Amino acid sequence: MEGQGAIDPAIFVPLFLLAFPVFWIAIVWIIALQGWRTVAGAYPATSDAPLSARRVRFGSLSIGGKLMSPNYGSSVDGWFSQTGFWLRPALPFRPFHPMIFVPWARVESVEQARKQLRKAVRVRLAGNVPDLLLLGALGRAVLERK
């Protein structure tokens with residue numbers, strides 16, 4: 001009876017290699033639907049950020065800023081220029097997450113806030129979109145601009 005119920009590694013490995021990407025894509029899609037696609041629909045990037053834009057890598061943000069809001073911890077790149085800012089998740093999270101461009105003229109308010117115990121910057125945008133709660137270097141870049 002030894003080994004009964006155990007999965008043969010010759011079957012497990014191929015099943016895992018097939019199932020993991022499917023689950024990953026499903027999870028990324030669900031996360032995107034919880035806010036990113038709403039913001040990207042209102043603020044689509046029609047071009048990449050200019051080379052002169054200040055780049056912040058591996059930033060953190062929350063969309064909506066509430067307890068159960070989608071959270072992108074250390075996985076968002078941001079670019080900041082005189083015209084506005086661009087946001088894009090890191091490569092593993094990029095499916096279903098189009099690049100966002102927010103012109104500074106569409107930023108209604110910028111205020112310091114807290115996300116759990118961390119300092120953050122709440123960015124309210126014009127239109128019917130959730131707030132962006134930017135943490136760390138992303139938040140500091142917005143504060144420096146406004």
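Because the structure is a prediction, the values reported are computed rather than measured.
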Cluster check M99, F80: I/L/V/M/F/W/Y, side chain < 4.5 angstrom: no
Heavy-atom closest contact (G139 atom, V121 atom, distance): O-CG2, 3.5 Å
Atom pair CD1/CD1 of I11 and I7 - distance to nearest 0.5 Å: 8.5 Å
Cluster overlap F58 with L135, hydrophobic side-chain contacts below 4.5 Å: no
Hydrophobic cluster membership, L17 vs F20, 4.5 Å side-chain cutoff: yes
Table please: side-chain donor-acceptor pairs of residues 22-45 below 3.5 Å, with sequence neighbours left out.
{"unit_1": "W24", "atom_1": "NE1", "unit_2": "P92", "atom_2": "O", "d": "2.9"}
{"unit_1": "W36", "atom_1": "NE1", "unit_2": "P98", "atom_2": "O", "d": "2.7"}
{"unit_1": "R37", "atom_1": "NH1", "unit_2": "F96", "atom_2": "O", "d": "3.0"}
{"unit_1": "Y43", "atom_1": "OH", "unit_2": "A126", "atom_2": "N", "d": "3.3"}
{"unit_1": "Y43", "atom_1": "OH", "unit_2": "A126", "atom_2": "O", "d": "2.4"}

side-chain contact (heavy atoms from CB on, under 4.5 Å) between V110 and R124, worked out: CA-CA 6 Å; V110 174; R124 283 187 170 64; over 6 Å; no
Cluster overlap W86 with L61, hydrophobic side-chain contacts below 4.5 Å: no
Student check: side-chain heavy atoms of R140 and L134 closer than 4.5 Å: no
D48 side chain reached by F101 side chain, heavy atoms, under 4.5 Å: no
4.5 Å side-chain heavy-atom contact, I63 and Y72: yes
Min side-chain heavy-atom separation H97-R88 under 4.5 Å: no
Heavy atoms of other groups near D8 CG, more than 12 under 6.0 Å: yes
Short side-chain to backbone donor-acceptor contact, S60 and S74, under 3.5 Å: yes
side-chain contact (heavy atoms from CB on, under 4.5 Å) assessment of V123 paired with D131: CA-CA 6 Å; V123 178; D131 295 348; over 6 Å; no
Note, L87 side chain near D77 side chain (heavy atom, < 4.5 Å): no
Side chain proximity check, R122 to L133, heavy atoms < 4.5 angstrom: yes
Hydrophobic cluster identity match, V56 and W79, side-chain contacts under 4.5 Å: no
L51, CG atom: more than 12 neighbouring heavy atoms under 6.0 Å: no
Closest heavy-atom pair and its distance - N71, S62: OD1-CB, 4.1 Å
